Novice: 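The structure that follows is given in the form of structure tokens.
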Amino acid sequence: MKQKTIITIRHTQSEHHISGMTGGVSYWNLTELGKQQAYKIGQWLSENEKLDNFKMISSDLPRTAQTAQEICKSNPLVPAYSEKLREIDLGEGNGTTQEWYKKNISPKPEVYDPTHRSFPSAENDVELWARMKAFYETLLNSNEDNFVLISHGGALMFLQLVMMGRSLADVNNSYYFGSAGSVSKFIISEDGSCQVEYLNKEVI
């Protein structure tokens with residue numbers, strides 16, 4: 001395996017951030033502020049990272065796809081889209097009001113249980129971990145060496161833990177949930193070890 005450089009970006013302000021709605025696998029657009037934020041992130045990347053030889057992969061949900069499109073205005077990137085980078089599937093809780101969500105969610109057990117589901121058809125932590133691990137392995141086995149990934153807060157937290165060689169048990173004690181628009185950079189050595197150059201950095 002060759003050395004890999006992976007830059008991850010959490011999508012910027014989405015409609016659900018300001019409307020009292022939930023995210024998950026839902027089809028919210030960026031707000032106008034979110035589009036401006038994403039464009040500014042693109043400018044920051046253009047000034048601070050050389051992305052000529054990077055491949056961009058984005059979650060296919062609108063809020064991430066729009067983030068990618070704004071970033072590409074300042075960088076020589078063409079986004080590809082993947083369901084593998086979608087946010088955790090909240091099942092019946094996807095795209096609902098926060099009020100309904102809080103009333104109907106299955107309470108978390110006192111002791112962390114990665115098989116727990118927030119709703120009957122929701123994805124659990126074991127499944128999200130497996131999805132992120134499988135996606136990461138495709139990057140490691142790719143002929144491409146450099147990637148920009150646009151995804152969501154929960155999904156990126158899991159992916160970052162996978163890249164850093166942590167275990168599923170670390171999810172319960174993780175403090176890696178970045179703010180909207182946060183940017184991280186990882187260097188993966190030929191032996192698979194991970195160097196974190198910056199983590200969930202706010203660049204705008």
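What you are looking at is a predicted structure, and each value in this text was computed from that prediction instead of being measured.
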Novice: Quick one: are Ser118 and Leu90 in side-chain contact, heavy atoms under 4.5 Å?
Specialist: yes

Novice: Is the closest side-chain heavy-atom distance between Glu49 and Ile7 below 4.5 Å?
Specialist: yes

Novice: Would a hydrophobic clustering, with Ile, Leu, Val, Met, Phe, Trp and Tyr connected at side-chain separations under 4.5 Å, put Leu140 with Val148?
Specialist: no

Novice: Ion pair present between Arg131 and Glu127, side-chain N to carboxylate O less than 4.0 angstrom?
Specialist: no

Novice: Is Leu139 close to Ile57 at the side-chain level, that is, under 4.5 Å between some pair of heavy atoms?
Specialist: yes

Novice: Of all heavy-atom pairs between Ile41 and Gly181, which one has the smallest distance, and what is that distance?
Specialist: CD1-O, 3.3 Å

Novice: Would you say the side chain of Thr67 lies within less than 4.5 Å of the side chain of Arg63, judging by non-hydrogen atoms?
Specialist: no

Novice: With a 4.5 Å limit on heavy-atom distance, are the side chains of Glu123 and Arg86 in contact?
Specialist: no

Novice: If every non-hydrogen atom of Leu77 is compared with every non-hydrogen atom of Met56, which pair is closest and at what distance?
Specialist: CD1-CE, 3.7 Å

Novice: Give a yes or no on whether Glu144 atom CD has more than 12 heavy-atom contacts from other residues, nucleotides or ligands under 6.0 Å away.
Specialist: yes

Novice: For Ala155 and Glu87, work out which heavy atoms get closest and say how close.
Specialist: N-OE1, 2.9 Å

Novice: Will you find, in the side chains of Ser59 and Thr64, an N or O donor that is under 3.5 Å from an N or O acceptor?
Specialist: yes

Novice: Kindly work out whether a path of hydrophobic side-chain contacts (I/L/V/M/F/W/Y, heavy atoms less than 4.5 Å apart) joins Ile18 to Met21.
Specialist: no

Novice: Is there a side-chain contact between Val171 and Met157 (heavy atoms, below 4.5 Å)?
Specialist: yes

Novice: Specify the closest pair of heavy atoms between Val162 and Lys133, including all atoms of both residues, with the distance to one decimal.
Specialist: CG1-CA, 4.0 Å

Novice: Please find the pair of heavy atoms, one from Phe147 and one from Lys4, that lie closest to each other, and give the distance.
Specialist: CE1-CD, 4.4 Å

Novice: Each residue besides Tyr27 in its hydrophobic cluster should be listed here, by chain and number; the cluster joins Ile, Leu, Val, Met, Phe, Trp and Tyr at side-chain heavy-atom distances under 4.5 Å.
Specialist: Val25, Leu61

Novice: Is there a continuous path of hydrophobic side-chain contacts, each under 4.5 Å between heavy atoms, that joins Val203 to Phe186?
Specialist: no

Novice: For residues Phe135 and Ser82, report the shortest heavy-atom separation together with the two atoms involved.
Specialist: CE1-OG, 4.4 Å

Novice: Given side chains that start at C-beta, do those of Ile6 and Ile188 come closer than 4.5 Å, heavy atoms only?
Specialist: yes

Novice: Under a 3.5 Å cutoff, is there a donor and acceptor pairing between the side chains of Ser189 and Gln195?
Specialist: no

Novice: Less than 4.5 Å apart, any side-chain heavy atom of Tyr112 and any of Leu168?
Specialist: yes

Novice: What residues form a ring-ring contact (aromatic ring centres under 6.0 Å, His included) with Tyr101, not counting sequence neighbours?
Specialist: Phe119

Novice: Keeping to residues at least two apart or across chains, list the salt bridge (Lys or Arg N to Asp or Glu O under 4.0 Å) pairs with something in residues 187-200.
Specialist: Lys185-Glu197

Novice: Are Ile71 and Leu149 linked, directly or through intermediate hydrophobic residues, by side-chain heavy-atom contacts shorter than 4.5 Å (ILVMFWY only)?
Specialist: no

